[in-house]
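The structure under discussion appears below in the form of structure tokens.
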Amino acid sequence: MSTMGIASTFSWTNSISSTIQFPQAHTQLIGGESKRVTFWCVNANIDSASSPKESKMIVSVTGATGFVGKRLVQRLHADKHQIRVLTRSRSTAQSIFPVKEFPGIVIAEEPEWKNCIEGSTAVVNLAGTSISTRWSSEIKKDIKQSRIRVTSKVVELINNSKDDARPKILISATAVGYYGTSETEVFDEKSPSGNDYLAEVCREWEAAALKVNKDVRLALIRIGVVLGKDGGALAKMIPLFMMFAGGPLGSGKQWFSWIHLDDLVDLIYEALSNPSYKGVINGTAPNPVRLGEMCEQLGSTLGRPSWLPVPEIALKAVLGEGASVVLDGQKVVPTKAKELGFSFKYRYIKDALKAIMS
């Protein structure tokens with residue numbers, strides 16, 4: 001029997017799959033006659049690392065005990081990635097991520113961050129003091145410094161890592177406050193920064209991340225108002241509506257650039273695995289709404305009226321300068337995410353709220 005065929009090994013510098021199939025032709029006797037039979041061989045020796053979504057990552061996460069961080073850690077754990085939680089409080093992190101439910105998770109306080117970041121595939125930086133509070137001069141200082149200090153620390157540790165142990169990816173949170181506020185303008189990733197306090201915070205926050213080693217792929221996610229079941233903005237709004245005291249905050253005409261928690265986690269997850277995700281990416285849904293419409297939809301979803309507006313003067317009495325977070329807004333669109341082909345599960349506020357309240 002004679003055999004003819006294609007070589008059983010094949011190299012391709014930029015392989016697009018971890019397995020490649022190619023035909024081999026053989027001539028053999030079947031039923032006394034010579035028949036030509038073609039079958040397929042699989043080369044299983046091609047480096048599987050060429051498909052990043054299939055490879056397992058080691059991910060260090062700051063802000064892991066927060067609203068977004070907790071869901072991200074749950075997602076990474078469910079997909080069998082190794083997680084290193086970088087925290088200021090080991091006891092808090094251990095209560096949120098008990099070893100029985102998260103076997104193999106590493107929880108590290110700041111003196112141990114260096115050893116965690118070295119050897120990680122990626123770092124996700126989500127840390128920062130909440131801005132949803134009354135702003136004193138001390139609180140304002142902490143809002144800014146908590147973000148800049150942690151980001152600078154993370155960048156320093158990445159940059160000082162040995163070349164062969166340095167993380168390849170840094171996903172660093174920032175916020176849509178970068179753009180300032182407006183009732184008429186539309187902001188995308190190319191829009192300039194604003195000139196208020198939160199815009200200043202975001203500029204300095206991003207500047208700290210931009211000092212990372214140039215061989216590290218950096219994605220800056222400018223996050224809008226995150227909506228989910230167990231925290232964030234809705235956790236403060238729902239009780240008011242359930243007491244029939246919900247309604248627009250201030251004029252209700254201010255823009256509300258939101259994103260469902262699941263979409264934000266998916267966006268961060270995609271940024272970890274997809275090398276096209278780099279630079280600034282707005283973490284907002286494609287269809288921002290006026291705050292009045294958001295409150296109307298929330299009232300409808302809860303079966304509660306939303307006719308009782310909360311006066312601006314009352315908000316300022318409670319939150320002081322911090323009231324600007326809810327009294328002023330910006331219309332931000334996720335141009336970059338859409339260009340990258342990111343698929344939003346929740347494009348409209350009505351669908352997001354129904355899913356959250358179901």
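Throughout, numbering of the chain's residues begins at 1 and tracks the sequence. For clarity, every value in this text was computed on a predicted model and none was experimentally measured. Side-chain atoms are counted along with the backbone in the values below, which use heavy atoms only and exclude waters and symmetry mates.
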Does CD belonging to Glu296 count more than 12 external heavy atoms closer than 6.0 Å? no
Arg88 atom CZ, over 12 foreign heavy atoms within 6.0 Å: no
Take Trp255 and Thr181 through the side chain to side chain contact (heavy atoms under 4.5 Å, CB included) test and state the conclusion after the steps. CA-CA 9 Å; Trp255 282 101; Thr181 63; over 6 Å; no
Heavy-atom pair of closest approach, residues [X] and [Y]:
X	Y	answer
Asn282	Glu189	N-OE2, 2.8 Å
Arg75	Asp266	NH1-OD1, 2.6 Å
Thr62	Ala127	OG1-N, 3.4 Å

Could you walk me through whether Glu200 and Glu204 pass the side chain to side chain contact (heavy atoms under 4.5 Å, CB included) check? CA-CA 6 Å; Glu200 177 187 314; Glu204 295 188 29; 3.7 Å; yes
Do the rings of Phe102 and His77 sit parallel, tilted or perpendicular, given the 30° and 60° boundaries? tilted
Distance, nearest 0.5 Å, that separates CD of Gln74 from CD of Glu101: 9.0 Å
Would Arg166 and Asp163 pass as an ion pair if we require N to O under 4.0 Å? yes
Same apolar cluster: Val176 and Ile259, side chain cutoff 4.5 Å: no
Residue list, salt bridge (Lys or Arg N to Asp or Glu O under 4.0 Å) with Lys338, at least two apart or on another chain: none
Considering residues at least two apart in sequence or located in another chain, which fulfil the salt bridge (Lys or Arg N to Asp or Glu O under 4.0 Å) criterion with Arg347? none
Before you tell me yes or no, could you show the steps for Ser91 and Ser89 under side chain to side chain donor-acceptor pair (under 3.5 Å), namely the whole-Å CA-CA distance, both residues' side-chain angles and the distance that decides it to 0.1 Å? CA-CA 5 Å; Ser91 59; Ser89 172; 3.3 Å; yes
Before giving the answer on salt bridge (Lys or Arg N to Asp or Glu O under 4.0 Å), spell out for Arg222 and Glu206 the whole-Å C-alpha distance, their side-chain angles and the decisive distance to 0.1 Å. CA-CA 10 Å; Arg222 289 183 185 151; Glu206 293 183 15; 2.7 Å; yes
Under the side chain to side chain donor-acceptor pair (under 3.5 Å) rule, collect the residues that match up with Asp262, sequence neighbours excluded. Arg71
Do Glu185 and Tyr179 come close enough that some side-chain heavy atom pair is under 4.5 Å? no
